[in-house]
Amino acid sequence: MSENTFTQGSEVKVTTGEKVFFKGIDGIPFEGKHSDNPLSFKYYDENRLLDGKTLKQHLRFATAYWHTFCGTGGDPFGVPTKDYPWLVASDPIQQAKDKMDAAFEFITKMGMPYYCFHDFDLIQEAGSIAESEKRLAVISDYAQQKQQASGVKLLWGTANLFSHPRYMNGAATNPDLQVVAYAGAQVKNALDITLKLGGENYVFWGGREGYMSLLNTNMKKELDHLARFLHLAKDYARKQGFTGTFLIEPKPMEPTKHQYDFDAAIVIGFLREYSLMDDFKLNLEVNHATLAQHSFQHELEVAAGANLLGSIDANRGDYQNGWDTDQFPVNVYELVEALLVILEAGGLQGGGVNFDAKTRRNSTDLTDIFYAHIGGMDAFARALLIAHQILDKSQYKALRKERYSSFDSAEGQKFEAGNMVLEDLKNLAVRQGEPKMLSGQQELYENIINQYL
Ligand code: XLS
Ligand code: NI
Ligand code: NI
């Protein structure tokens, strides 16, 4: 591998292959909000300190290999629109290396510390398991060199168990054991390369683990199989020395009509039922939350409440239509609401902010992927700073505390500690009489966010 390196920001070194794909862009500097340079950060100053950690350490941004280097703009109504120069070689190994050169060039020019992949984002799947293993060995060797040269790390790996036709009836929940076995082989290999590359987490997104019709589905059996499968994967990875976190990424539907990992609450119930709570946490995605008719901060609150807030997939949906549009995040007000939850929970547990987002079909310039990530990173950085200020300076926390202050009384503490019986509640009600009307003050809370924006 021949590469050029120079330092971008604190840790990541710009790393190109023999061919330079993003000519004319050397890196994305922080220039502040008054800069008119569209290829600069306005808010994301990676070295800025906040509570003893840099913004880079707080946010732990990652690029999603699949959208940014594999997604070429095809949709159900039309062929791809993006001619990415790293996808032209016909030999799969050469193409995978070109793609990885482009990926590391992009990631390092952005100054992002992490990336995430599915096994067959890295290299095209071959015709047999043995042949695919060989390909994965070659490309993961190459990734290892790239990571060493650049300082970029792997936030998480995963296996694509939804694109190949064999998975049309699901992977771990497939009614055919032979397909489950194939999924097992694939996860074993994906775990092996994740481990080899020092991956900090491993994700399961159950794209086709669900059903299209209940008429042909034994739901209980499929859920038991899913849990069995996750135990096997976890036991194998732990035996190999993986110390990171397994993450389940909930989504209610798409591509299936109903996905078993519907939302955070359902996944938590599943993990609890099948004794997986010690090893698994959640990877929450904005657009999956909205598909489940929740806000993103709702999903974050649910996970944080169970101490399972692992990582996030950052993107946004479109409020005028109902599917997973995976757009880059731009809505600072909503991100502040999310970051309030994340900060109050003490941050993400081992995860980071992965841009599971894609540029639009008609965003066909290579520069567009820079604009997209700059926008997302700036929006997150800005929201983080604002949320931090709100927690630090405003009456937000005090207001919320005050709202529950009746539970600080002797009776309230007795109730919370489980030292009351129902008759005690009745006696308290009789003693104190009709409760006063206590305003929820929603508008006041909403105005606090606006004030700090
Ligand atoms: C799809 C999911 C997927 C996972 C990784 O909607 O978001 O991209 O993040 O398999
Ligand atoms: Ni998604
Ligand atoms: Ni995702």
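All ligand and atom numbering here is 1-based and tracks the order in the structure.
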Item to check | Aromatic plane relationship, W205 with F162 - under 30° parallel, 30 to 60° tilted, over 60° perpendicular | outcome: perpendicular

Item to check | Which N, O or S atom of D313 lies nearest to the Ni ion (ligand 3), by name | outcome: OD2

Next on the checklist: Check the orientation of Y115 and F104. Use parallel for under 30°, tilted for 30 to 60°, and perpendicular for over 60°.
Outcome noted: perpendicular

Checklist outcome for this item: Per-atom filter on ligand 1: closer than 4.0 angstrom to a heavy atom of H118 are 5 (C), 10 (O)

Checklist entry - Quick one: does ligand 1 sit under 4.0 Å from the side chain of E285, the backbone, both or neither, non-hydrogen atoms only? => result side chain

Item to check | No-hydrogen, no-angle side-chain donor-acceptor test under 3.5 Å, K196 and S140 | outcome: yes

Next on the checklist: Distance under 4.0 Å to a non-hydrogen atom of D313: what atoms of ligand 1 satisfy this?
Outcome noted: 9 (O)

Checklist entry - Is it the case that E209 and T173 place a side-chain donor and acceptor less than 3.5 Å from each other? => result yes

Next on the checklist: Y211 vs E222, test: side-chain hydrogen bond (donor to acceptor under 3.5 Å, both in side chains). Steps then yes/no.
Outcome noted: CA-CA 10 Å; Y211 61 81; E222 294 197 358; over 6 Å; no

Next on the checklist: Between ligand 1 and W205, is the shortest N or O to N or O distance under 3.5 Å?
Outcome noted: no

Item to check | Within-shell test, E254 vs ligand 1, heavy atom, strictly < 4.0 Å | outcome: no

Next on the checklist: My understanding is that only one of F280, F246, Y274 makes a side chain to side chain contact (heavy atoms under 4.5 Å, CB included) with L230; could you say which?
Outcome noted: F280

Checklist outcome for this item: For the Ni ion (ligand 2), the nearest N/O/S atom on H288 is atom NE2

Item to check | Whether E285 has an N, O or S atom under 2.8 Å from the Ni ion (ligand 2) | outcome: yes

Item to check | Nearest-contact summary for atom 8 (O) of ligand 1 - protein heavy atom, Å | outcome: D356 OD2, 3.0 Å

Checklist outcome for this item: In this structure, the Ni ion (ligand 3) sits at the vertex of an angle between OE2 of E249 and OD2 of D356 that rounds to 10° as 170°

Item to check | K33 vs S35, side-chain hydrogen bond (donor to acceptor under 3.5 Å, both in side chains): CA-CA, chis, key distance, verdict | outcome: CA-CA 6 Å; K33 72 171 182 176; S35 167; over 6 Å; no

Checklist entry - To which protein heavy atom is atom 2 (C) of ligand 1 closest, and what is the distance rounded to 0.1 Å? => result E249 OE2, 3.3 Å

Checklist entry - Near D324, which atoms of ligand 1 are under 4.0 Å from a heavy atom of that residue? => result 6 (O)

Checklist entry - What distance do R360 atom CZ and K82 atom NZ have between them, rounded to the nearest 0.5 Å? => result 8.0 Å

